[in-house]
Participant: 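Starting off with a structure, shown below.
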Amino acid sequence: MSVEWYLVLSALLFSIGAGGVLVRRNPLVILLCIELMLNAGNLALVAFARAHGNQDGQIFALIVMVVAACEVAVGLGLIVAIFRRRLPIDVDELRELQG
Amino acid sequence: MAEVFFFLAAIGALAGAIGTVSLRNPFYTVLALVVHLLSLAALFLLLRAEFLAAAQVIVYVGAVMVLYLFVVAYVGGADDPLRAAGSPRLRWASALFAGALFVELSIAILGTGLTALGEEGAGYFEGFGTPAEIGRLLLTDFLLAFETASMLLLVAAVGAVILARRRTGLEDRQEISVGDLMRSGSRDTLTGGEAGTMIEVEGPPGR
């Protein structure tokens, strides 16, 4: 398989994730769509690592996974805090920070 | 043979992604993402990233997704209300934006001057992407990134605990304010019988 296929697949997955972030309103699902986008980026990184025969891209993807895990931990903590305060779990209703 | 596996994994990844975006129930959304991540691990294997594929399965599917499932169960996996009535135009604009993004990325990928992208990829040596090689790189060339990642994980864990804890205020006798202890400790000291008991920890009685 040529590397182009992997890159096009990664672009498609990234677009699907971006569309999901725009369409969905549940912050949990938006976090999941961000995961989709991060993983699409990971796929592109690993594909480039394969194209160059160099493992640096794989290390980069590993660090991206760490950052994604951190983002999940903080994001889920925020969602639990929102739930505890009896606020609606809906990004359209949570607009007090909008100014 | 690699083509067959690639298309199987790609179809799985696409189906998982579409399911993640379109399913109403957050519980099923998480399960669709699990399918997506497993297919992606298969793609990583095809790209000779063995360690990354294993980490994907263990860290993502094993740990992060379980965290998601716990939060969905805690918050209540109620169905997302279908409130498209107010903004069907916005929804179409979002889909249009995603499509435009894909077209743009595809033009960038297919129209690139990098001729190597049309090939199978450069040659790889024995042990490419194995845990031993990745570990060697992490502890030599990328030590700074490795240590920074550990620090970031620690900060995120502490932040998540502080964000998600119960806020009950200092009226709760479980929480101890050192400032209160210092202030009141100068006025009335503990009697001998109380020293060494739990009253000492909670501060003087009658506070």
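All values reported here derive from a predicted model rather than from experimental measurement. Naming convention: chains lettered A, B, ... in sequence-line order (proteins, then strands); numbering from 1 in each chain.
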Participant: Can you tell which of A/Leu12, A/Val21, A/Val67 has the highest number of heavy-atom pairs within less than 4.5 Å of chain B?
Facilitator: A/Leu12
Participant: Which bit of B/Tyr74 is near chain A, if near means a heavy-atom gap under 4.5 Å: side chain, backbone, both or neither?
Facilitator: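 Both parts, backbone and side chain.
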Participant: What heavy-atom pair brings B/Ile109 and A/Leu7 nearest, and what distance separates the two atoms?
Facilitator: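 Closest approach of B/Ile109 to A/Leu7: CD1-O, 3.4 Å.
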Participant: Measure A/Leu43 against the heavy atoms of chain B and call it side chain, backbone, both or neither at under 4.5 Å.
Facilitator: both
Participant: Less than 4.5 Å to any heavy atom of chain A: does that hold for the side chain of B/Leu37, its backbone, both, or neither?
Facilitator: side chain
Participant: In Å, rounded to the nearest 0.5 Å, how long is the span from CG of B/Leu43 to OH of A/Tyr6?
Facilitator: 6.0 Å
Participant: With a 6.0 Å cut-off on the ring centroids, do A/Phe14 and B/Phe102 count as close?
Facilitator: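 No, ring centres 6.0 Å or more apart.
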Participant: Which heavy-atom pair separates B/Thr20 from A/Arg24 by the least distance, and what is that distance?
Facilitator: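 Answer, listing the atom of B/Thr20 first, then A/Arg24: O-NH1, 3.6 Å.
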Participant: Only pairs of heavy atoms separated by less than 4.5 Å count here; which of B/Tyr68, B/Phe51, B/Phe70, B/Tyr60 has the most with chain A?
Facilitator: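 Among B/Tyr68, B/Phe51, B/Phe70, B/Tyr60, the one with the most close pairs to chain A is B/Tyr68.
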Participant: Taking every non-hydrogen pair under 4.5 Å, which of A/Gly20, A/Cys33, A/Ser2 racks up the most with chain B?
Facilitator: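 Looking at each option in turn, the highest pair count goes to A/Ser2.
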Participant: For the CE atom of B/Met65 and the CD atom of A/Glu35, what is their distance to the nearest 0.5 Å?
Facilitator: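 One finds 5.0 Å between CE of B/Met65 and CD of A/Glu35.
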Participant: Do other residues, nucleotides or ligands put more than 12 heavy atoms under 6.0 Å from B/Phe6 CZ?
Facilitator: yes
Participant: Only pairs of heavy atoms separated by less than 4.5 Å count here; which of B/Ala13, B/Ser94, B/Ser150, B/Ser106 has the most with chain A?
Facilitator: B/Ser94
Participant: From A/Asn39 CG over to B/Gln56 CD, what is the distance, rounded to the nearest 0.5 angstrom?
Facilitator: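 Answer for the CG-CD pair, A/Asn39 versus B/Gln56, is 5.0 Å.
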Participant: Please find the pair of heavy atoms, one from B/Leu101 and one from A/Ser15, that lie closest to each other, and give the distance.
Facilitator: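 Looking at all heavy atoms of both residues, the shortest contact is C-OG, 4.0 Å.
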Participant: How many angstroms lie between CD1 in A/Ile16 and CG in B/Leu14, if you round to the nearest 0.5 Å?
Facilitator: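 Result: 5.0 Å between the selected atoms.
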Participant: Find the one option among A/Ile30, A/Leu31, A/Leu78 whose heavy-atom pairs under 4.5 Å with chain B are most numerous.
Facilitator: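 That would be A/Leu31.
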Participant: Given A/Gln58 and B/Phe44, is the side-chain contact (heavy atoms from CB on, under 4.5 Å) satisfied, shown in steps?
Facilitator: CA-CA 10 Å; A/Gln58 296 188 11; B/Phe44 286 170; over 6 Å; no
Participant: Most heavy-atom pairs under 4.5 angstrom with chain B, which of A/Val80, A/Val23, A/Leu36?
Facilitator: A/Leu36
Participant: Given the options A/Leu32, A/Val8, A/Val66, which has more heavy-atom pairs under 4.5 Å with chain B than any of the others?
Facilitator: A/Leu32
Participant: Using non-hydrogen atoms and a 4.5 Å limit, figure out which bit of B/Leu33 sits close to chain A: side chain, backbone, both or neither.
Facilitator: side chain
Participant: Which atoms of B/Leu153 are under 4.5 Å from chain A, going by heavy atoms: the side chain, the backbone, both sets, or neither?
Facilitator: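 Contact with chain A: backbone and side chain both.
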Participant: So which of B/Leu96, B/Leu46, B/Ile18 has the biggest tally of heavy-atom pairs under 4.5 Å with chain A?
Facilitator: B/Leu46
Participant: Is it the case that atom CZ in A/Phe60 sees more than 12 heavy atoms from other parts of the structure closer than 6.0 Å?
Facilitator: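 Incorrect, the count does not exceed 12.
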Participant: Picking from B/Leu105, B/Leu52, B/Val155, which has the most non-hydrogen pairs under 4.5 angstrom with chain A?
Facilitator: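 That would be B/Leu52.
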Participant: Where the side chain of A/Arg50 meets the backbone of B/Arg48, is there a donor-acceptor pair that is under 3.5 Å apart?
Facilitator: no
Participant: Side chain, backbone, both or neither: which part of B/Phe5 has a non-hydrogen atom closer than 4.5 Å to chain A?
Facilitator: neither
Participant: Supply the atom-to-atom distance B/Leu137 CG to A/Ile59 CD1, rounded to the nearest 0.5 angstrom.
Facilitator: 4.5 Å
Participant: Where does A/Leu62 contact chain B at under 4.5 Å (heavy atoms): side chain, backbone, both or neither?
Facilitator: both
Participant: Measuring heavy-atom distances to chain B, does A/Asn54 have an atom under 4.5 Å in its side chain, in its backbone, in both, or in neither?
Facilitator: backbone
Participant: In terms of heavy-atom pairs under 4.5 Å, which option from A/Ser10, A/Ala11, A/Gly19 contacts chain B the most?
Facilitator: A/Ala11
Participant: Given that the side chain runs from C-beta out, which part of A/Ile82 has a heavy atom under 4.5 Å from chain B: side chain, backbone, both or neither?
Facilitator: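 Looking at A/Ile82, nothing touches chain B.
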Participant: State, with a plain yes or no, whether a side-chain heavy atom of B/Leu40 is found less than 4.5 Å away from one of A/Leu13.
Facilitator: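 B/Leu40 reaches A/Leu13 side chain to side chain.
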